[in-house]
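First up is the structure itself, then whatever we jot down about it.
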2 protein chains.
Amino acid sequence: MESVAAAARGRKPDEVKSAARVLEVLELLGTEGARLSLAEMASAMAVPKSSLHAILRTMEARRWVDLDASGTRYSLGLKALLTGTAYLEGDDVASLAGPVLDALAEETGESVHLGRLDGTDVVYLAKRESRHALRMYSAVGRRLPAHATALGKAMLSQYDAAEVQRRLDWPLARLTPDTVTDPDELIRQLAEARLQGWAMDDGENSVDIRCVAVALGTGHGAGDAISCSAPKSRMDDARVREIAGAVTEAAHALGTLLKRLGQH
Amino acid sequence: MESVAAAARGRKPDEVKSAARVLEVLELLGTEGARLSLAEMASAMAVPKSSLHAILRTMEARRWVDLDASGTRYSLGLKALLTGTAYLEGDDVASLAGPVLDALAEETGESVHLGRLDGTDVVYLAKRESRHALRMYSAVGRRLPAHATALGKAMLSQYDAAEVQRRLDWPLARLTPDTVTDPDELIRQLAEARLQGWAMDDGENSVDIRCVAVALGTGHGAGDAISCSAPKSRMDDARVREIAGAVTEAAHALGTLLKRLGQH
DNA sequence: TTCAACCGTTCAGATAACCGAATGACGTTG
DNA sequence: CAACGTCATTCGGTTATCTGAACGGTTGAA
């Protein structure tokens, strides 16, 4: 009976409520980079204030959230720093990618990314910028819809049409006027990407940015890809083909490193 | 009655148990960079396996932890990447420090850090790596005991002896043969640091590494400091004084930026 | 000043999580 | 091949959290 009621509300029966809420708080404060009041968070999460109050007390005591001077707005705390670097250090792909990304950034002179597919999103694991080393860390952890990025399309092109249909959220979200939201057009682009070995994004998530990406071999990093992005002004079709070659080489090099590690 | 029992076990009465456990899991998987089994974590946290099981299910469903192929070892999940970057982006000091750290790294050619005091620990907020092949290992989000680092001593030197006594865990932990564990010696060094405006660490957390640090003004970033580190072979006493000057300038520059922001 | 609109906080009943022991599924060792 | 170690997992009674409404504090407007 109670499991039916829980399922009716969209909850799996064996999920710990307050545990899920802790994670939701972290995601809420994380995605927005925001400073929110208890009441704001309670309404955003559809949770009673009094319940959230006890949870935030716990999180504050352990320094996972901070309270501002006025004592009324929450933001992420210092402990939130720990997990990100630890994830990257424990990850083989991210650990080995460093030199490969450096080389690709050096060769192309443009921004270079390592991304991972997570559900319908692409998450940036690492980034090399042409100039601003300052911003390097800031994009790591960010998410974009897979269908609107070269990285995502490169990874999705490894699956057949039915699997893609199953994996994405329909209808597809539109981020720019050029975002591909038509299912048939997306499937066509994925087939093309599979044939040529690389995928492209032409202003589909950020106006005026073109991006080329290649997925790593499905062996170790099934859901990983490398990309290179630049403003359209520096990315005509000839340059795209040139960069696609460089990115393909880099992806192949990283794939080889990973295979070696797998056999160790 | 129950509050007495809870207090006797060292727990505050108004702490949500499973919320605290979620955070403990994240800290456990984060500090070690480890892959742990359910049983290992349960024993490390002194929590029943069955209770932890439900919590880990919840965390896994939301991709805060990953289960390896064998289905028996947990590690941090992709969501763990989000919080770290968000904390840094929402932080004025970390956001403004970028160019200042770049300049200091350029000027000295050595590793440069921005650190924040959190209880008895120093947490690294940002770093710039040395050009030299031989360089110290560190990472954003990592923690070291404040008394064993130049960053920590620079920040602690802003407090008087009684306050320092209150803030640190006694007896002081020893990380290397040169770690200062004598209370009187530490107080003496802090007084010296306060006089000269900068603090030093001479192989006290990593053998063979010397480090010089300066705290930011107490206005905005009360618990923040900047440091510069190098192997002893590149850090004789003359070089220490030279670098101390550069770090002091950088700290002053960042302090000015922050003050301007505060008045905005 | 007075009122209203927010904020965080408290409390006791309803409800859900927690716990220890028992279970099944592996992989390893004798 | 069997016995053992380790692992995750299940289950019902006990215990804790969760909840909604009411409270006291502060801010800004009338």
Side-chain angles (χ1 to χ4, degrees), chain A residues 1-25 28-29 34-62 64-75 77, chain B residues 1-26 28-29 32 34-62 64-75 77:
Chain A
M1 289 245 292
E2 60 281 358
S3 68
V4 173
R9 286 171 198 163
R11 246 176 219 142
K12 293 165 189 172
D14 48 8
E15 189 167 77
V16 179
K17 208 188 292 190
S18 46
R21 285 171 176 177
V22 166
L23 302 179
E24 247 182 275
V25 166
L28 187 60
L29 291 175
R35 286 146 209 275
L36 302 170
S37 71
L38 167 63
E40 285 168 345
M41 301 180 70
S43 101
M45 295 168 58
V47 159
K49 278 190 303 180
S50 53
S51 307
L52 197 54
H53 178 67
I55 288 177
L56 285 171
R57 269 206 174 293
T58 306
M59 297 179 76
E60 193 206 345
R62 310 216 164 200
W64 275 86
V65 298
D66 277 345
L67 212 40
D68 73 351
S70 74
T72 183
R73 294 204 105 75
Y74 289 93
S75 56
Chain B
M1 288 245 295
E2 61 281 357
S3 67
V4 174
R9 285 172 199 163
R11 247 177 217 142
K12 293 165 190 172
D14 48 7
E15 188 167 77
V16 179
K17 209 188 292 191
S18 45
R21 285 171 176 177
V22 166
L23 302 179
E24 246 181 278
V25 167
L26 291 175
L28 188 59
L29 290 175
E32 315 244 338
R35 286 148 208 274
L36 302 170
S37 70
L38 167 64
E40 286 168 344
M41 301 180 70
S43 101
M45 294 168 58
V47 160
K49 278 191 302 180
S50 53
S51 307
L52 196 53
H53 179 67
I55 289 177
L56 285 171
R57 268 205 175 292
T58 306
M59 297 179 75
E60 193 205 347
R62 311 214 164 203
W64 275 87
V65 299
D66 277 345
L67 210 43
D68 72 352
S70 75
T72 183
R73 294 205 105 75
Y74 288 92
S75 57

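Throughout, a chain's letter reflects where its sequence line sits, starting with A, and its residues are numbered from 1.
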>> Testing the basics here: between B:Leu23 and A:Thr58, what is the closest heavy-atom pair and its distance to 0.1 Å?
In response: CD1-O, 4.3 Å
>> Distance check needed: D:dT6 P versus B:Leu38 CG, whole Å only.
In response: 15 Å
> Taking only N and O in the side chain of A:Arg21, is any of them less than 4.0 Å away from OP1 or OP2 of D:dT19?
Replying inline: yes
> Given that B:Ile55 and A:His53 both sit by DNA chain C, which one's nearest nucleotide is further toward the 5' end?
Replying inline: A:His53
> Between A:Glu15 (CD) and D:dC18 (C1'), how many Å, whole number?
Replying inline: 16 Å
> Is there a donor and acceptor pair closer than 3.5 Å between the side chain of A:Ser50 and the base of D:dG20?
Replying inline: yes
> Which atom pair, heavy atoms only, marks the closest approach of A:Ser75 to A:Leu29?
Replying inline: C-CD1, 4.0 Å
> Which nucleotide sits closest to the side chain of B:Pro48: D:dC7, D:dT9, C:dC19?
Replying inline: C:dC19
>> Just verifying a value: how many Å separate A:Met59 CE and A:Leu67 CG, rounded to the nearest 0.5 Å?
In response: 12.5 Å
>> Please find the pair of heavy atoms, one from B:Ser37 and one from B:Arg73, that lie closest to each other, and give the distance.
In response: N-NH2, 4.1 Å
> Quick one: A:Leu52 CG to C:dT10 P, roughly how many Å, whole number?
Replying inline: 15 Å
>> On DNA chain C, compare the nucleotides closest to A:Ser18 and A:Ser37; which residue's is nearer the 5' end?
In response: A:Ser37
> Quick one: is D:dT10 close enough that its OP1 or OP2 comes under 4.0 Å of any side-chain N or O from B:Lys49?
Replying inline: no
> Taking all non-hydrogen atoms of both residues, which atom of B:Ala42 and which atom of B:Pro48 are closest, and how far apart?
Replying inline: CB-C, 4.4 Å
> Rounding to a whole Å, what distance do you find between B:Arg35:CZ and D:dC7:P?
Replying inline: 17 Å
> In whole angstrom, what separates A:Arg73's CZ from C:dC7's P?
Replying inline: 8 Å
> Hey, is the side chain of B:Arg57 poking within less than 4.0 Å of OP1 or OP2 on D:dT9, counting only N and O atoms?
Replying inline: yes
> How many Å lie between NZ on B:Lys17 and P on C:dA16, as a whole number?
Replying inline: 18 Å
>> Rounded to whole Å, how long is the line connecting atom CG of B:Leu67 with atom C1' of D:dA8?
In response: 10 Å
>> Without decimals, in angstroms, what is the distance between B:Leu36 CG and D:dC7 P?
In response: 11 Å
> How would you label the contact of B:Thr72 with the nucleic acid (heavy atoms, under 4.0 Å): base, sugar-phosphate, or nothing?
Replying inline: sugar-phosphate
> Of the nucleotides D:dT17, C:dA17, C:dG8, which one has an atom closest to the side chain of A:Val16?
Replying inline: C:dA17
